[in-house]
Each structure stands twice: as structure tokens, then as C-alpha cells.
Amino acid sequence: MNRRAVLKTLGATMALPIFESFAPVSRLSAAPAGIGSVPAGPPRRFATMLFANGVNVDHWWAKGEGDAMELSSTLQPLAPFKNDILVLNKLEYFGGTSGAHWPQFTNFLSGTQLRQSPLPDAARSIDQVIADVVGRETFLPSMHLGVEPAKPGLRLGVPAIYYSTVSWTSKNTPIPPEVYPAAAFDRLFNKEGLLRNKSVLDLTLEQSKRLRRDLSGQDRHKLDQFMDNVRNLEQRIERATAEDRLEGWTPTIAEPNMDRPPEGKPQDFPDHTKMMLDLMVLALQMDKTRVITFIMESDATGLKFDFIDGVGRAGMHGISHHSGKKDVLEEYRRINNWHVKQLAYIMGRMKEVDEGNGSLLDNTMLLFGSNMMDGNKHDGTELPLILCGGKNCDVKPGRVLTYQDDECEFNNLHLAMAQRMGVKIDNFGDSKMALPRLV
Amino acid sequence: MQKQFAQFAQVYCYECHGPQNAEAELDLRTILESPKGFAAHTEALELVYDAVDFEDMPPSKYKQPSDDERSAAIDQILGMKELLEQQSLNDPGLVVMPRLTRSEYDRVIRDITGKPISVSHILPDEGGAGEGFSNVGEAHSVSIMQIEKYLDASKLVLEHLVATPDGWYWSERPLKDAKTPEETVENMKLAIRRIYSEIENRVQDGHRDAIRRAVREKLAASSDDGEVPKDKQEFAKRSDDIHYLEATWRYLHRQELGFSADDLETLAKAVHPELRADVLGKFLKVLGQAEDEDAPGLLKDRVAALQALPGPSEVESREALQEDILNIYQLWTRPPRWPGHHWTQNHFPDYEVSNQRVQDMQEDLKALRWPFRIKLEDKEKFEELYLVVTQAADGSEGDLVHWRDGSFELEDGSKVPWDKALRDGEPVTGPVEALTIDGKPVLAAKSPTVIRLPIPENAAFFEVTAAIPDEARETSTVQVIIRPTQPDEKDLFYYDKRHPLGHWKESPVIEKWYGVMGDSQEFWRERNNHLLKEDHTVYQGLDKETLDALGMNGVEGKVKEENEKAKKNPYFFSVAELRELASPEQLASLKQLETLITGMARRMTAEEEPSAEELRGIAAKQIEQFMDMAWRRYVTDGEVEEMLALFDETMGKEGTSYEESLKLAVTGVMMSPYFIYRYPVTTPENTAGQDVVALTSHELASRLSFALWASIPDQQLLDLAKADKLRNPDVLLAQARRMLQDPRAAAMSEEFSAQWFRFANFDQFSEPDSQLFPEFTPDIAKAMYQEMRHFFLDLIQNNRPITNVLQADYTFANEKLAEFYGMDANVEGAEFRRVKVDTDHRGGVIGMGAILTRNAAAQRTSPVKRGVWVFEEVLGGHIPNPPADVPPLSDGERNEEGMTVVEQLAVHRDNPACYSCHAKFDPLGIALENFDPIGRWREKDSAGEPVANSDTMPDGKTLTGFQDLRSYLVGRQDEFVNHFCRKLLGYMLGRGVELGDRPLMEDMKTSLKENDYRFQAALEVILQSPQYLNRRVQANLEASTDSTENNPNS
């Protein structure tokens, strides 16, 4: 046995990206001059609303600027928000990957290509990178919502979770979305319950240290990951105890203005979605967190949208493989349109929240879209994306932008958004530049 | 060797299999340029070997190596394989410490608490690794959410715990938070009521519903329109009672029929598989009282009628017997109701316009009168009037009623008395006496009677009052009704759904009705409510002192009342009777709760409270006991003390109960890494300097129980571990055999085979298009899951040949599934049992609904999915992901050109890029085309065309249909056996199978061959292998296919 080689392997596995999150980065000092400098006042927020399986491409377009903007039938629900949306055309997934489903979903925010392996293997996603910086100031660093539970085991030779999450704390650690509205609510507001766990977690950590001494190699690495996350939770508890606030700004409401949702997973899908959207608004408005991801529809899902008028009993994935059939394309369009309606709903609610310098929507970059264009072809050569809000985040909405050449790399957008959130990075994944012309 | 092969690969392989293209997900250049080479990519080495050896690669359109070059390359590959095999020969390999998986969590809680408590639905789902199993530690990541969810899970588990200083009780269902001793007592009372309620449900509701449903479905299936025929509806509704009566009839004739009075089980099952012996026992008990002097008359009638039925030798057919029973039953089971009960159900002809206000009617009925106002508008209908008095089904004739104050209202509004009509009318049935009371004519009628009256011309309404005269107040109970036609005889006994008229409050008749024949379902609900709400249920297990302390005195009356009621109603069980019917576990739970309540009562009335020190000592003992189980070892005093610190934190503080403080400590136990991880017990100090160490007895106990039970070791294993006996191979094998016979071994089927064959969540599968396939109900999904679960459980527990997976001549089914599959087998009831199958259509996994349905599209079959499934999961092959831009197949069975999916696939394979893979699996899936998208056998597709089920494999074998596929797979049995060994080894070890495991795999195969391919033969080879019995301490085995430069060993 070669000692040096063993140490080398250990060293490699110990270099967990998670440790990066402990580097003390203050939000203000992290901001470089120019784009990334965040003014005092209401904080900037970042949220994504992702639906998988692509769109009916014939009905996904926008033309013109401002009030004169023309919208396709799918995008019609956004008509009242023409000055709040930035339609981004021709951004592509890793040089235009197409292929099986999984290589272009779970890495949506990770900026990395995936290889086929039964172990989860992506990269720390941009929401987590942003949460490293802005999440330290809120009760929750980030929140991850969904409406379909993650599937267990393997699917087509890769972890089934690849089909239902886009957030990753580290290369090997996906974050499953929370699908229970009541649990999400408790996570935001059950401070008492959280505080009660303090001494339990102290003890857990104490025992973990002891157990760690008895372990070797890989086992130690596993336990380290466990301990890191116990510590993360403890930090959250400490933050909850301190509850310090930015000077000069307090959230517009101090108590939740909605009831705790009922226990369990709602049976009615539209209700479930609405509950999650309301929770998003509430969490952002109360500044409980500044980073949210919401997966409105899992990848390659058999979910049925037959509650929409004119949509049949076929599963979503089946519909997205429309084979050019007119009636199926129409169902596809109606489902896309339903998702856009949900976007309009949350934008409307966010616009109503006046934060002094503008609305909650103006202080949020809300990215809406899908991981492929035409679901029939799993087309990743361009992506349907709309960046909403962000007027106070160095974004000038009310336009349609079409990118070309090196600009088109999707990670350019991640980089541009992260910089606007005050994260000091120059590249992300295979980004070529921060996406130009957003402002 | 690696170097030489790299030279070959550079010329012939890198263009496609380099970093740029990495076709088929294979980048040989990167592998070959790394120091470890194929050591980290052993599966790639296998691929390369096959491709080069079979001359599949390089593809024919590319430059080909010479024969010499090729054989040299093959030697190099074999050399690398050999090297790897030698380097890792029988090495325990990298088994990363696993944490509790989602499904293990529930099982562990079940085994600690003894109750099927399930909280895992809130835990994140698990991935898989190694050979594709979730128990592989390497795959277990922990996010912050996982920690939060473990906290939530422990909180949910503790909602099931009642903790008092006298002991703990785990409740199957969650209870409320208890902050005071009183609240703890309330929780325990609730738990007791729930147990009675459970017994009741077990004995009653479930099986009654099951019988009714089964009968209804059977009747519906045999009719043309799929509805229960009208004349059978009553039967369907009352089917459970009728079956019990039939069983009673058989009991009466038991000697002739050859049943024993002691074996009600056999008798009940002979009538209907869902019929319960305990309910039948109660039936017989109630009916047996008919002999008693003071038994209700109806009960006597009922028994007499049953006795009067023809005996077994005279009965024409079972149908005829059931018909007879139904007739008797119908007369009996329609009890008269009194006001306030099911008012809307009452029979009220539309021409009877009086008494339409409920309140008025109640007043009238109390006054024992029934005023009629009959609308005679419809002349066609009303040619005559029939005044009817029935027996009200009480078996007593001659009840007196007075018809009085009769008059007709003419169309012009004027009124004429009924005197003329009385003169022209006549009694049709029964005794009638014409009287004059207070100068008015009165007809005195005794039940049952019918009086016919003519109607004068131009009459619009008829008014009359039926009243029970004072002298008959105590005895008369009748029904009165006026009809345009003569009623038949049955109606004179009891007029369906018509209110009785009589002194119902005191009427013994109605009391009897209510007590004996009332709607049992309704009683039942009422009964359940009683149990859930009232203290008298709890009363029966507690002593007087305790009752006094809890302020629960004075419930004896209720108990007595209940016992009386239970005597009369076959569906009504008193608490005492329920106690007799309790399972041993239920009885133990009841007794435990009663002990705890008694203890609690003593404490609440005790003069001195126990000292804090004393309570702490008690808590320490309780926590330690829990820790030993949860941590799967004997914990130290120091560790207990650590947990007690959590107890101390809140104990004694205002508003915190013993239970609450204790639960915080238990949360600590459940959040400990010692609970969450399956940690090795050998520490590095005593393994210093070693790469591989033998597992300790404790580690073996845990390894074995988590493999076979997916849960913690039981006491016997722990005792053997403590005595360090498990390292004796004979003991270990004996334990494994014992454990496989334990019900907990169901985990082997639910985890190992369910993850392998991917049917784990099939009970919730809902993807088939519900409009096209309404027959695919949630019940069918569950049944298909159970079929597979039972099949593998049986295979594992009864040590059957694993080749049965390919070609069994049996499967497992209940009535629903057998019917769904269209089996001839006579399968009745919801229970699953082994059934013989027609091997032309079923047998083995490829004929199982769950597999066929999951591997179909929503609206059609998918030969592709089914073919890939067979190729990968049965034969152990691997198909890479399809490339982008695959032309899609149609959604439905045919595309717009009318081509079937099979035809579309044929076109698809003309494309060489598609051919190489599709040729391997399409024929396998096409051979299964006789199964429709939800797994039913079919000869024709939905267009009515014969199913195309034939295609040719690359090896030239043409497969036509299910039978061919079965024999073909049997012909490739070695591949299946190899795949099975790989899967089982991966599952048992918790890691992927490595090259160094090849000899072990060979041993497994040899042992299987020598033992008729019986499952346990392979398992026992693993249990004796160095891989299983040892543990690699140093993380990584130093292996490399590069034997020249970088390998420090060379």
C-alpha cells in the first residue's frame, strides 16, 4: 500500500466545496464597483421558476419593446407586465447539448455537464453560490420548492433525483425540493421548534466528533458531510437568535399574512402550485430568504394537466413528444400557457408589495423558463427564458434580447445574475462572459 | 500492458472514443492516460474486451486492425483484467458506511417500537449505487435538508410515544402533546379506545365491505350492461347478512354437511372467503337464544324459518337456497321507523297530500292517529279506494285501528260524508266491524285488513283518519295506507318503508325490531362513536381505586346496557366480547396501557411526589433501554449521562412534563450518528497497520439484519453477538436461515427484488391513460405490486430455484387480479395465494402485470421499453442512452400512416445507427406484444388486427410470442444466473461487484448449479466469503492496469 497515494485520495475527497460557504463574505464588501455594487435599502433577491419538458416553439415569442411589445398566445398572460419582462432568446445549453433528458435538467443551475454515473455528480449550483453570499443575512440561506416528490433509485442508469432537482450544495449533494407546503411554512416561521433543537444538535455534533475518531477514509468523509450540515443548521439557529437586520430597512410585514397550509401534500395540483407561489412571495417579502428555486414540473414527468381546459389525460412527457401533431401541440401550448399564468400571478403579487424604492418585483430577479426548447427533440440549442423584474438590480426589463456567438452560453446568464447579487466571481461553469445588454 | 494497448487504441479507437466525442459514453483516451487506467473503470474494460473480441469494433467502415494486431490487443486486455483481478482478489472492497435509508428508517422504528409506525414519507428519497441498490453507503449524501428531515421524522415518531415513569407505550397512531399528567392519561384513554375500535373494525367493517363489494362486482360482471341486475340489487346490498344466514343454515345441518361445530373457520370460508368465523360465532350466539323463554318473537321466527328451509339433500342449488334466504330476509330486515329516523326514506304516495309537514306528522303519530287527505284528481288511477292496515311486520295479528271522520270533497268544494260509500263498500281481507261512536260511523279494523270503498262522482279529495283507540294503546302497532289498488299479501305483512303507527315509545315490538333487526351498519357506526368518546370502554380494564382517582366512577350502568344490547344484535359486540376477540398483541397493549394508567392514577393521588433524583434514575433506565436498541449495541453509562443532560434541561421546569423532557432526550438518541449511521465497531487502534480486518460479531449481526431484514438485529442476534458466536460460520448460516423464515424477511422481496426489477413503487403507479384503460384502477396497481412481492418472498423464503423467475408455472393472485388476468383458476377473496398458471400466457416475471404495464407508454404498448427491460434486468445487458433527435414513435398504437409501433420500429432499424442497439432488444419486446398496455392478454390490437408478435434476434433466433420468449430466455439462462449473482452480491455487500469478485461469482454459480438453482445456495456462498466476513479499513485498494511505470507495487 502506497501511503502517499492514500493521502492523496483522502486529500482530494476532503476538498469539499461546502467549506467555501464558511468563508466570511459580507454582502457589501463582496460587491465590486459597477454592476455588482448593491445600494443600501431593500435587498436584492433571486428566484427561479423552472418547468421541464420544453415548450411549443410556435407559440413562444415576443417582439418589440415596452408597451408596444407583442406577445405570443402562450405569453399573453404577461400582457400587464410588458415593462417587467426581459425575454432572452438564443441562450444555449453547453454548446447546444441535446440527448437524453437527464443531462440537461438537474445541471440547469450548476453550469456543468453531467456524465453517466450511478452516483450524483454535478456541481454547486448558482443559487447556492449566491446563497453563500446573501444567505448569511437571512433566516434561511435559500429555499427549494417543488410540487412533485423526487423519485427514488436509479432511472435510466442515473440517480432519479436528476429529474427533480436543480439545486446542489456540492458536487455529490443534490437538494431535494420541499413539496409539503406546511413543512416549507414551518421552515420559514417555526423559530421555536428550531431553537428547541439547539442542544440536540450540539450533542449530535459532539458524538459525531467522537465517532469520527473511530472511522477511517471514506467513512470519515461521509461523516464530515453530515457534520457540516449539522453545523449549517446550528448556524441557522444562531442567526435566528440574533435576528439582526440591515440598517435603515425593515421588511414590509413582520408576521406572515397567510395561514399555515394544511398538513400533507395537497391533492389538487393547481392549489398546490398556488400555495407554493404564495409561500415564495411571503418568504421574499418578509426577507426570510433571498434565494428561492421552484420546480413547477419535473423532468420527463408523467404528471397530468387534465385540469386545464382542452388538455387530455396523457402525461406531460408524452405530450412534449408531440411528433408535430396539431392537437397534441395545442395541448402542449395550453400547458405552457398555464405555467405562464402562474408567473403572471406571482408577478402581480410581487408588484403589489411596495418596498419604498420600488416593488418587491423590482428588487427581485425572477428567472422563468425551461431546460429545453422543443421537447419533442430535447432541443437545448436554445432555451425559452424570461428574466422578470429586477429594475433595481441593474436589469432593464421591457425588452426582447437575442444573443449570438459566445454570448449564447447559458452560464453567462448565471454569472451576470450572480454578480448582480453581489457575488465576486468572474466565471461560472463554462461561461465566456457575463451576459451583456441586460441593462 | 496499458501502454501497449494505448498504442492500439490511439490508432483504432480514440477518434470516436476520445475526449471530444466519447461515443457510447466511453472516453478511452482519458482512461488510458490516467495512472490507474481501467482500475477505476472496470466496466469499460469489459465493454472493450467484448467489442474487440467479437470484432464489433472498430466498425467495418473504419480502418481495421490486422488479425495479429487484434489478437495482441486481446491479450493485452486479458492481461489487464487478470492484473486487476489479482490485485483485488477476494478483497472486501470499498464499502462506505451507510446511513439509514428511507425505507430502513420505518423498519427500524417498527422493530424498536413494535408498532408499524411510518414516517418515512417525509424523508428525501434515496438514490442508488453499486449494482443499483439504495443500501450502498457510497450513494448516501446528506444535505442540510436531510438533517432537518431527520429532525422532523424523530418528532413525528415521538408523537406516538406515551412515557410515564412506570413505562412507555408506543401507539400505532399519533397522539396529542401532553404537558400534564392529566393529558397523558387522556392520551392513554384514547389509545385504549382506539384498540377496541381496531378490533371492531377488523371483525366487522372491513370484511363486510369486502363481501358486499365482491358480490356486487360478481353480479355486475355477469350482467350484460355491467350493472347489478335490478332483481339482485337487494341481494348485493344484504349479501353479508345473507351469507351469514347461509352459514347458519349450514351450521344447523352441519352433521349432514360434515362440518365440525368447533371449526367455524372452515364453515365460514366454505360460504365466502371473506366471511369471518368470529362474526359467525356471534351470529350463532344471538340466534341460539331463540330457545330462551323470553327471547324476542322475531328471533324465534328467524330461527324457525331457517329450520323450515329444505335440508342439504333437498336443496336444488345454492342459488335456490340463497334465493329462499333472501326472501325470508327481505321480510325481516325492513324495520319500521319512527319519526325523526330517516324521514326521507318513508313511503309517501304522491296522492296522499296530508301530513306533508314533518312536525305535524310527529304530533299526529304521538297522538296515535293518521289523518289522510287523498287527492282523487286522476280518475284513471282512482276508481276505488283501498284502506289498508298491515301488521307492521311484528308478527302480531289483530291490532286494532279505527277508521273515522271520513268525507269526500267534491270538485265544487262542497263536502259530503262517507256514509254512502260505507254502505257500498266491503271488507276485502280481515275482520272489520262497523260501529257508531258519538253518532258518527267508524270502521274498526284489526290487522291485517283491506277495505274497499267506491268513490262518488265529482269527488276531488277523500279525507279520513286512522286512529288507535285508547283500549289498544298498549298493544297496537300497525301501518295504515290508502291505495288505488288492492295490495298483495306481502304488503299486508309489512308495507315497505311506511311509518308504523302505534305506541312506539313503549312498544316492545319496535324495541325488538330495533334491537334485533335494525340496520346493523348504522348501529355499528354508533358503536364506534361510543368507543371513541366514552369512558366506559376504558373502565373495564381498570380497578375501582384507579377509576375513583380518575373521576371515572358511575359508568357501570352503561356497561350493563351495552352487554344487554350485545346479546340481541349479531353485529353488536360489547367491550367484553371485543376483549375476547383481541389478538395477543392487542391484549398486551391493552394491559400495558391499563398498567400505565393505574400507575399514573396512583401518582396523581400520592401524597408525596417522587424526588427529582428518583425520576432522573427512572429516566436513565428507560433511555438506556431505548439506546441499546436504537444504536444496536450496549451503550455506556457516559453515553446515557450525555442524553440525560437533555432531560435535565427542561425537567422540573414550569409547564414541562416528564414525558416532554424525556422526549427531548430521545430526540437526541435519534439524531445521533450512532443511530443514523451503520458504523463499524472496530476502531482504528485495534486495526492499526492492517488494510483488512475481520468483522466483529456485532458488525456481523448488523450486516446480516440490514441485508435480510433491512432493519436492526433482534434480541437473539444481539445475544449471539454479545457472546461473540456469530464468527462461527455454522452459527451465522443457521441465523441466516432462521431470519429468512421470519416475516421481517419480506424486506428481501421489497428491497432487493423490488429495486432490481424496478417494481418498488408500482402500487402507486398511475401512468396508463385512464380514459383508454379505466380497468387499470389503483386496486389493480396494488394487486400487481403484491403479485411480484409475493412471488419473490415465496422464492426467497421457500428457497425455490431462481430460474423460476424465467419460467415458473405459478404466480400469486387474489380474486381481483385473477379476474383481471382472465385466469381460469378459482381464486376468491382479497388474499393473495399461489396459483397455477397457463404457461402459454403467464409464468415468470415477463408475464407479470407490473413489469408489462410500467414498461408501456400511456396509450399503447412499448416493445422498446419492454425489450430494454428484459435485456437489461433479466439478461444483465446494458443499452446506452439513445442519441438526440431520435424520430419519435406514435403516441397511440398506430401512427398517422396507420403503421403499428412494431412496423414503425422496423423502419427505425433500417437506420444503422439505431440498428446496433434495437436489434438486441426489439424482438424481446415484440414477443410480448400479446400483452396490452396494462398487462392483459390479447390476440388482437385495438384496431382488431391480429397482434404482430414476431421478430428475429441478431443470433438468428426468431421469437414469436410469449412462449418463444420464455424458452429463448431459458436458453440464455446462464446470463440471467450471472446477472442474479451480480445483483445479489451487490445488494449483500453494499457495493459494486469488482473484478476480484470473479472467483466468488463463480463459486455462487457452481453452488447454484449443484443445488437445483435454489436461491439460498447463492446466498450462503456469499455469507461464507471473505468479502462478506471482512472489512477494508484503508479506503482505497491500490490497483492499476498500468503495470509498468506508475504502479508502485511493481
Side-chain angles (χ1 to χ4, degrees), chain A residues 1-2 5-6 9-10 98-100 115-116 118-120 149-154 156-157 159-161 169 172-176 178 180 183 187 196-197 199-201 203-204 207-208 211 214-219 222-223 225-226 229-230 232-233 302 313-315 318 321 323 328 376-378, chain B residues 25 94 96-97 102 122 124-130 132 134 137-148 151-152 642 646 649 664 667-668 671-674 676-677 679-680 683-684 691 755 760-761 767 769-771 857-859 881-885 888 890-891 1033-1036 1038 1048:
Chain A
M1 171 65 60
N2 179 310
V6 169
T9 8
L10 283 179
S98 298
R115 61 185 184 86
Q116 179 146 12
L119 287 181
K151 295 246 162 65
L154 297 178
L156 290 178
I161 190 155
T169 49
N172 307 116
T173 316
I175 310 177
E178 177 59 76
Y180 294 93
R187 215 62 83 207
R196 256 216 345 226
N197 293 327
S199 43
V200 168
L201 292 177
L203 191 54
T204 301
Q207 286 169 345
S208 301
L211 174 60
D214 294 347
L215 299 177
S216 52
Q218 293 288 329
D219 295 350
K222 282 286 164 193
L223 197 64
Q225 199 187 32
F226 175 80
N229 284 296
V230 173
N232 283 347
L233 195 53
R313 297 281 303 156
H321 285 285
S323 314
V328 185
N376 196 37
K377 299 190 285 198
H378 297 174
Chain B
E25 295 144 28
L94 179 65
V96 181
M97 173 176 78
R102 194 179 188 222
I122 66 149
D125 259 308
E126 303 289 348
S134 66
E138 203 183 351
H140 295 161
S141 60
V142 173
S143 63
I144 188 164
M145 187 191 189
Q146 187 86 34
I147 310 276
E148 290 172 330
L151 274 165
D152 292 346
E642 221 170 34
L646 291 175
E649 209 170 278
L664 190 66
T667 309
M671 285 307 292
S672 168
Y674 292 113
I676 289 172
Y677 282 96
Y679 51 95
T683 58
D691 289 349
Q755 290 183 47
N761 289 334
E767 279 175 33
D769 187 316
S770 54
Q771 261 160 21
Q859 297 169 346
N881 277 313
D885 293 332
S890 60
D891 278 349
V1033 184
Q1034 293 298 350
N1036 274 7
E1038 203 50 34

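Below, chains carry the letters A, B, ... as their sequence lines are ordered, and counting in each starts from 1. Note that the structure is a prediction, hence the values are computed from the model and not measured.
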*Asks:* Could you tell me which portion of B:L646 (side chain, backbone, both or neither) has an atom closer than 4.5 angstrom to a non-hydrogen atom of chain A?
*Replies:*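 Looking at B:L646, just its side chain touches chain A.
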*Asks:* Less than 4.5 Å apart, side chain to side chain, heavy atoms only: is that true for A:T173 and A:P120?
*Replies:* no
*Asks:* Would you mind checking which part of B:I676 comes under 4.5 Å of any heavy atom in chain A, side chain (CB onward), backbone (N, CA, C, O), both or neither?
*Replies:*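 Side chain only.
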*Asks:* The criterion is side chain to side chain contact (heavy atoms under 4.5 Å, CB included); which residues satisfy it with B:E148, sequence neighbours excluded?
*Replies:*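 B:E148 satisfies side chain to side chain contact (heavy atoms under 4.5 Å, CB included) with A:R187, A:L233, A:R236, B:M145 only.
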*Asks:* Who are the side chain to side chain contact (heavy atoms under 4.5 Å, CB included) partners of B:Q146, not counting sequence neighbours?
*Replies:*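 Result, side chain to side chain contact (heavy atoms under 4.5 Å, CB included) vs B:Q146: B:R99, B:P124, B:V142, B:S143, B:Y150.
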*Asks:* Looking at A:T204, A:I175, A:L201, which has the largest count of heavy-atom pairs under 4.5 Å with chain B?
*Replies:* A:T204
*Asks:* So, A:Q225 versus B:S141: side-chain donor-acceptor pair below 3.5 Å or not?
*Replies:* no
*Asks:* What part of A:P174 lies closer than 4.5 angstrom to a heavy atom of chain B: side chain, backbone, both or neither?
*Replies:*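 Both the backbone and the side chain of A:P174 come within 4.5 Å of chain B.
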*Asks:* What part of B:E126 gets closer than 4.5 Å to chain A, counting heavy atoms only: side chain, backbone, both or neither?
*Replies:* backbone
*Asks:* With a 4.5 angstrom heavy-atom cut-off, is it the side chain or the backbone of A:F226 that approaches chain B, or both, or neither?
*Replies:*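 Both backbone and side chain.
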*Asks:* With a 4.5 angstrom heavy-atom cut-off, which part of A:D219 approaches chain B: side chain, backbone, both or neither?
*Replies:* both
*Asks:* Over all heavy atoms of both residues, which pair between B:D152 and B:I122 is shortest? Give the atoms and the distance, please.
*Replies:*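 Minimum heavy-atom contact is CB-CD1, 3.4 Å.
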*Asks:* Have a look at B:S134 and tell me which of B:R102, B:H140, B:Q755 forms a side chain to side chain donor-acceptor pair (under 3.5 Å) with it.
*Replies:* B:Q755
